[in-house]
There are 2 protein chains.
Amino acid sequence: MDHRTGPLIVLEPSRLAGTRYGNRPTMKDVAARAGVGLKTVSRVVNGEPGVTPETERRVQDAIEALGFRRNDSARVLRKGRTASIGLVLEDLADPFYGPLSRAVEEVARAHGALLINGSSAEDPEREQELVLALCARRVDGLVIIPAGDDHRYLEPELRAGVATVFVDRPAGRIDADVVLSDNHGGARDGVAHLIAHGHRRIGFIGDMPRIHTAAERLRGYRAAMEDAGIPVAEAWMSLGATDPLRVRRAAEEMLSGPSPVTAIFAGNNRVTVTVIRVLAEQRRQVAFVGFDDIELADLLQPGVTVVAQDAAALGRTAVERLFRQLDGSLIAPEKIELPTRLITRGSGELPPAD
Amino acid sequence: MDHRTGPLIVLEPSRLAGTRYGNRPTMKDVAARAGVGLKTVSRVVNGEPGVTPETERRVQDAIEALGFRRNDSARVLRKGRTASIGLVLEDLADPFYGPLSRAVEEVARAHGALLINGSSAEDPEREQELVLALCARRVDGLVIIPAGDDHRYLEPELRAGVATVFVDRPAGRIDADVVLSDNHGGARDGVAHLIAHGHRRIGFIGDMPRIHTAAERLRGYRAAMEDAGIPVAEAWMSLGATDPLRVRRAAEEMLSGPSPVTAIFAGNNRVTVTVIRVLAEQRRQVAFVGFDDIELADLLQPGVTVVAQDAAALGRTAVERLFRQLDGSLIAPEKIELPTRLITRGSGELPPAD
DNA sequence: ATGAAAGCGCTAACAT
DNA sequence: ATGTTAGCGCTTTCAT
């Protein structure tokens with residue numbers, strides 16, 4: 001993927017045929033009906049002073065009679081601010097992003113801004129497409145959970161003043177605000193927890209290695225193993241897509257053979273749900289720790305020990321920083337790392353089976 | 001809440017100070033730099049024919065040199081279509097809405113439209129605020145999971161041609177497209193399932209009665225009981241907020257006393273997670289069926305029997321209908337009801353404890 | 001207190 | 001093949 005401006009027509013109205021706004025009334029229409037000037041209508045609509053109560057009433061009546069609603073497209077064009085921010089994430093349906101989106105929306109709302117939301121489906125080109133479409137709409141700011149690792153295409157936008165914060169994963173090849181979880185430390189703690197409970201043959205199953213969080217968590221795994229002086233076998237590590245088939249195969253492989261792993265560390269919540277299914281089918285007890293908390297983790301037998309990150313805090317921190325960029329109270333880009341928390345529920349405290 | 005036009009300033013840019021677009025280059029700037037006319041730039045940017053390759057290259061170079069990005073606000077103002085649709089739901093963080101949002105986004109994307117997303121937090125006023133803000137931005141269409149029960153405030157918008165589809169719950173006091181699950185039938189089937197397994201004292205815990213789905217599911221419960229000739233005690237039914245404390249108390253009450261319920265039917269996924277926790281603490285085995293499927297329901301002991309609805313299909317059906325409204329191939333509003341599916345996993349097949 | 005005129009950046013319609 | 005003009009609906013500026 002290059003970062004040329006390229007064909008600018010990213011998202012086209014396509015089949016959206018039809019009449020312009022279905023002939024909506026404008027301020028001009030309201031003015032005519034109320035027998036006042038256009039500017040007076042504008043004053044009333046925007047609650048500006050300088051209108052007698054009597055005039056105001058006439059205008060309000062006209063507004064209601066016509067079903068007038070201010071056209072914010074025109075307003076935005078004139079004012080230069082859209083009061084909207086864009087959120088680009090990987091998949092709206094992933095439960096990890098639910099609380100994050102909500103946190104972003106809440107803060108945006110508090111600042112009077114709307115949220116435009118899009119999924120990259122973990123595809124760097126689609127991420128770029130989306131981000132540029134949002135920029136074309138002149139969103140005031142962007143919260144990006146990046147799929148790609150080269151964001152130089154954003155340089156003109158940053159220069160033009162689009163507030164931008166990257167979340168969950170760092171920006172690539174540009175200098176920008178970033179809010180992350182302590183992926184390395186969290187994974188290291190989780191694996192160290194397994195080691196402390198007597199495990200030495202520990203498997204790691206994670207997402208695709210090009211994803212920053214996956215790579216960092218793997219590093220954390222390696223660090224914990226090295227700290228304990230345990231040499232890591234290649235067969236204990238499996239990175240790749242998080243679809244159930246791939247993960248299942250990876251887990252089953254680690255659990256078979258002459259010296260199977262006695263514990264598994266899962267790199268994210270999608271991996272966790274599949275690994276737990278596989279472990280439930282095993283005769284032998286296998287210890288487990290997963291990155292990301294999941295709903296009902298406490299009710300499974302055994303309870304699922306996890307390294308939890310605070311998705312809502314990630315979103316909140318990011319968007320708060322974004323609005324501070326917008327009001328000019330922020331100078332240099334920064335990297336913020338939020339701590340993770342080990343929650344012990346049973347699965348991570350099982351002893352080795354052999 | 002009235003449905004007057006009211007103060008139109010719903011979401012204001014507030015503290016979003018700053019310069020207009022940070023002085024972004026316009027087509028005029030590009031034209032000047034490339035030494036061509038404004039319209040030629042427009043042609044290049046929009047991939048229209050009638051530009052020699054040589055001229056096109058000059059324009060492209062100028063675009064890159066200046067970091068130009070078309071201002072879609074201006075474009076929208078001229079064209080009358082925003083190529084965006086609004087999705088108003090209850091809570092972005094509720095796992096039920098994840099797949100629904102994603103389905104809406106996917107179809108929107110296929111039609112070249114962006115998604116603007118907002119949560120009503122189950123507050124009718126906030127719903128109206130959001131919807132009207134979206135209308136002011138001239139979204140081409142709205143997908144609404146309504147919190148309120150009076151949508152007459154939308155009449156001017158509908159007349160103006162804003163495509164609108166209600167999902168999960170019906171529209172109130174206006175004639176509009178609606179896509180629902182078969183809440184009544186699903187609940188009736190779920191409760192009948194419990195009855196078939198020998199239960200007679202069955203509790204129902206649901207969401208607030210003013211929410212359509214909650215009321216319908218309660219009706220389904222009553223229907224099943226009546227079909228079986230079982231008189232329903234008031235103490236067996238509890239409707240209210242879905243916060244864990246309220247639900248816990250309701251469940252514990254039904255399970256205590258001289259003749260406790262032997263089975264519980266939960267009205268939605270939020271209720272389910274709490275009731276399952278309560279049941280896990282009971283000495284006695286209590287049968288359970290919940291409305292909405294939940295992740296890992298198959299791995300709990302016993303597996304959780306549910307009446308599943310297809311959230312993605314709800315979203316997809318709704319937004320597809322919306323685009324058919326937009327391209328004019330739709331005439332009268334319709335009510336579409338999608339079937340639910342009973343998934344037996346164990347908890348619903350337990351016999352009565354007494 | 002009210003209004004007229006200019007112009008935000010783009011596209012449509014019409015020249016050349 | 002390319003450019004000119006008008007105007008989308010609003011806000012800004014400046015008169016009255």
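Just so we're on the same page: letters track the sequence lines, and every chain starts at 1.
Whole-Å rounding puts the B/R69 CZ to C/dG9 P distance at 17 Å. Separating the CG atom of B/D29 from the P atom of C/dC8 is a distance of 11 Å, rounded to the nearest angstrom. A straight line from CD of B/E48 to C1' of D/dG3 spans 14 Å, rounded to a whole angstrom. The interatomic distance linking A/R137 (CZ) with C/dG9 (P) rounds to 18 Å, in whole Å. If you measure from atom NZ of A/K39 to atom P of D/dC10, you get 12 Å, rounded to the nearest angstrom. Rounded to an integer number of Å, the gap from CG of B/N46 to C1' of C/dA12 is 12 Å. In this structure, B/K28 atom NZ and D/dT5 atom C1' are separated by 14 Å, rounded to whole Å. The distance between atom CZ of A/R75 and atom C1' of D/dT12, rounded to the nearest whole Å, is 12 Å.
Out of C/dT11, C/dA4, C/dC14, the shortest distance to the side chain of B/R43 is found at C/dC14. For B/L38, the side-chain atoms get nearest to C/dT11 when compared with the rest of C/dT11, D/dC10, C/dG9. Distance from the side chain of A/V51 is smallest to C/dT2 among C/dC10, C/dT2, C/dA4. If you check D/dC8, D/dT11, C/dC10 against the side chain of B/L77, the one that comes closest is D/dC8. Checking C/dT11, D/dT2, C/dT2 against the side-chain heavy atoms of B/T52 singles out D/dT2 as nearest. Considering only the side chain of B/S42, C/dT11 comes nearest among C/dG3, D/dT11, C/dT11. For B/K79, the listed nucleotide lying nearest its side chain is C/dT11; candidates were C/dC10, C/dT11, D/dT13.
Closest-nucleotide positions on DNA chain D for B/A74 and B/T55 were compared, and the one nearer the 5' end corresponds to B/T55.
Comparing the axis of the opening five pairs of the helix from C/dA1-D/dT16 to C/dT16-D/dA1 with that of the closing five pairs yields an angle of 40°, rounded to 10°.
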So A/N117 and B/E105, side chain to side chain donor-acceptor pair (under 3.5 Å) or not? Walk me through it. CA-CA 8 Å; A/N117 222 314; B/E105 194 216 346; over 6 Å; no
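Within 3.5 Å, no donor on the side chain of B/R78 pairs with an acceptor on the base of C/dG9, nor the reverse.
A salt bridge links A/E334 and A/R321; the closest N-O separation between the charged side-chain nitrogens and carboxylate oxygens is under 4.0 Å.
For the 3.5 Å distance criterion, the side chains of A/H151 and A/Q128 fail to qualify, holding no donor opposite an acceptor.
Between B/T40 and the phosphate of D/dG3, there is a side-chain N or O to OP1/OP2 separation shorter than 4.0 Å.
Side-chain atoms of B/R137 and A/R75, non-hydrogen and from C-beta on, never get closer than 4.5 Å to each other. In this structure the side chain of B/V45 reaches within 4.5 angstrom of the side chain of B/M27, judged on heavy atoms.
Judged by distance alone, with hydrogens and angles left aside, the side-chain atoms of B/T82 form a donor-acceptor pair with the main-chain N or O of B/R138 at under 3.5 Å.
Heavy atoms only, all atoms of each residue included: B/L130 and B/S120 are closest at CD1-N, 4.3 Å. What you find for A/E90 and A/S119 is that their closest heavy atoms are O-CB, 3.5 Å.
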